[in-house]
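Heads up, the thing below is written out as structure tokens.
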Amino acid sequence: MKVKDYASTAGIEVFSPVSHTLFNPADIIQKNGGKPPLTYQSFLKLAGQPLWASSPLPVSLSSLPPVGDVGYFEISEVPTVEELGYKGYGQEELSPFRGGESEALKKLRESISDKEWVANFEKPKGDPSAYLKPATTVLSPYLKFGCLSSRYFYQCLTDVYQNVKKHTSPPVSLVGQLLWRDFFYTVAFGTPNFDRMKGNRICKQIPWSNDDELLAAWREARTGYPWIDAIMVQLRKWGWMHHLARHCVACFLTRGDMFVHWEKGRDVFDRLLIDSDWAINNGNWLWLSCSSFFYQYNRIYSPVSFGKKYDPNGNYIRHFLPVLKDMPKEYIYEPWTAPLTIQTRAKCIIGRDYPAPVVSHDSASKECKRKLGEAYALNQKLNGQVSEDGLKNLRRKFEGEENQESGRRQKQKTLTGWLKDH
DNA sequence: CACCTAGTTGGGAAC
DNA sequence: AGTTCCCAACTAGGT
């Protein structure tokens, strides 16, 4: 199919009529003076409405290329799972998600058929422990492989929004999720060495440890923290887990507990996720490791309480870690605290049937915070980001706000507390 | 009905 | 899109 034919059929601009993304990253970067926007909000402002979105969806294409017409390349056989290096996987180990465009469109229609659900969608409010019916659309693998067009998805969502009274907005809405995807594509496209720490101007330089033992325990789902290990089993078996579940394990590997380099975790996700996408995967590892975009390194996901608040009974853990299925719910998130009689009754002795924790979250997370604090201070010094004058300005601004608010507030915030929010 | 106590909930601040 | 601690406010039930 010729680009011009498609464009005239679709009634859209001749430039980039077909694309993997909603916007052209180069356009956004150009609008921003040559540098990619580094916050979602600034990205939204630059992006605006996509030009093609006001046109009706193309209902048919004038022509399709003959099967096998791929220009200079020969079509080769689709490699088998074994040929791709995934040996020893039984049928029950395979992802429950089927591939292909038909499946993608079926899933899309199912997802948008509940208009109220679409209108009220708010990420990250979904339940990461929901596995019978995931809290999100699970359309990411189809977007990644091009089985589903992000532009078509966008227009379908716009149609739903037009037929409801009110709907959520970016960043939390469903359209907001597509925009997150374009945000990461744009930054990734415009940032040299985006996929590594060294030579990457937006990445904090942090002296991550090189502990292969800890990395292996994380990768192989034997950290001793059932919430973490269950997520890693879901990753291995399904190739997909909920957004917040990914947050928990990424935080645990890097800045939360193990202090292992985010590039190592990135490689594992890249290999095992069925939706792994270079820009989005690297972007999220930069985010979760507090290397870029997000810098609140004190906010650490608890490997115990985070999952518990969604799934107090531990059903998710019981499903993905059957060895713990008879552990009483009082101990299932911290089985090493269960008395031996309970462990015996649950047929799960810690240290024999299921590992003891490889790190103590309490001390490990404190140590991580300390190291991040040091690394941040060093980065600041090296980059000269906060000069003496800059600090004075911040102090003046803080005192100004404090005076304005002191009338209606009894307690005073400290300067350090305030600085963290600004 | 006043008063007490234990337990729960919600918001703010520190880390 | 963090967790924990603390305290005020509130509830339920008992005396």
Side-chain angles (χ1 to χ4, degrees), chain A residues 38-41 43-44 120-130 134-137 140 168-181 183-184 187 225 227-228 231 241-259 262 265 269 280-281 283-312 333-334 359-377 398 401-402 404-422:
Chain A
L38 294 179
T39 67
Y40 184 77
Q41 290 304 329
F43 168 82
L44 287 187
N120 296 323
F121 184 90
E122 264 188 81
K123 215 168 172 180
K125 283 204 173 160
D127 177 355
S129 68
T136 54
T137 62
S140 52
T168 52
S169 298
V172 298
S173 63
L174 271 175
V175 160
Q177 304 315 304
L178 284 175
L179 290 162
W180 275 112
R181 178 172 175 276
F183 168 71
F184 282 124
V187 185
Y225 287 90
W227 172 245
I228 299 297
I231 295 168
M241 61 291 205
H242 186 273
H243 177 69
L244 290 179
R246 301 179 192 203
H247 279 212
C248 287
V249 295
C251 178
F252 188 88
L253 177 73
T254 58
R255 67 182 172 87
D257 293 84
M258 292 180 158
F259 214 70
W262 60 267
F269 272 25
I280 302 170
N281 191 28
N284 277 305
W285 277 96
L286 284 164
W287 186 295
L288 260 298
S289 64
C290 278
S291 296
S292 198
F293 309 113
F294 173 82
Y295 306 104
Q296 306 303 123
Y297 58 79
N298 283 320
R299 298 186 186 172
I300 292 174
Y301 291 91
S302 165
V304 173
S305 26
F306 189 82
K308 203 187 274 180
K309 98 185 151 196
Y310 293 95
D311 180 16
Y333 283 87
E334 300 168 276
V359 293
S360 150
H361 174 66
D362 203 44
S363 54
S365 60
K366 281 199 179 83
E367 182 66 3
C368 284
K369 284 188 246 188
R370 190 188 64 73
K371 286 184 195 157
L372 259 297
E374 267 179 20
Y376 269 38
F398 163 69
E401 280 189 22
E402 202 55 33
Q404 278 179 7
E405 294 184 45
S406 57
R408 59 180 167 84
R409 248 187 325 141
Q410 289 184 326
K411 285 179 186 173
Q412 279 211 330
K413 275 189 184 178
T414 62
L415 176 62
T416 50
W418 181 86
L419 279 172
K420 275 170 192 162
D421 296 334
H422 288 72

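Residue numbers begin at 1 in each chain, while the letters A, B, ... track the order of the sequences.
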- Where does DNA chain C form stems of at least three consecutive Watson-Crick or G-U wobble pairs, each pair having both distances below 3.5 Å? B:2-15 with C:2-15

- Item | A/F183 and A/F293 aromatic centres sub-6.0 Å |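 Between A/F183 and A/F293, the centre distance is under 6.0 Å.
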
- State, yes or no, whether a side-chain contact exists between A/Q177 and A/T137 at a heavy-atom distance under 4.5 Å.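 No, every pair of side-chain atoms sits at 4.5 Å or beyond.
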
- For residues A/F43 and A/L179, determine if any side-chain heavy atom of one lies less than 4.5 Å from a side-chain heavy atom of the other. yes

- Message: The criterion is side-chain hydrogen bond (donor to acceptor under 3.5 Å, both in side chains); which residues satisfy it with A/N284, sequence neighbours excluded?
- Response: none

Please report the distance, rounded to the nearest Å, between [atom1] in [X] and [atom2] in [N].
X: A/H361; N: C/dT4; atom1: NE2; atom2: C1'; value: 10 Å
X: A/R299; N: C/dT3; atom1: CZ; atom2: P; value: 11 Å
X: A/Q41; N: C/dA1; atom1: CD; atom2: P; value: 15 Å
X: A/Y297; N: C/dA1; atom1: OH; atom2: P; value: 21 Å
X: A/I300; N: C/dT4; atom1: CD1; atom2: C1'; value: 12 Å
X: A/Q296; N: B/dC15; atom1: CD; atom2: P; value: 15 Å
X: A/H247; N: C/dT3; atom1: NE2; atom2: C1'; value: 16 Å
X: A/Y295; N: C/dG2; atom1: OH; atom2: P; value: 16 Å

- So does A/E374 pair up with A/K371, basic N to acidic O under 4.0 Å? no

- Residue that, paired with A/F294, satisfies side-chain contact (heavy atoms from CB on, under 4.5 Å) out of A/S292, A/S291, A/C290: A/C290

- If you measure only the distance, is there a donor-acceptor pair under 3.5 Å linking the side chains of A/H247 and A/Y301? yes

- Separation of A/C248 SG from A/H243 NE2 (nearest 0.5 Å): 10.5 Å

- First locate atom CE of A/M258, then atom CZ of A/F252, and finally report the distance between them rounded to the nearest 0.5 Å. 4.5 Å

- Item | DNA chain C contacts made by residues 301-312 of chain A, counting heavy atoms under 4.0 Å |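 Result for residues 301-312 of chain A: A/Y301, A/S302, A/S305, A/F306, A/K309, sorted by number.
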
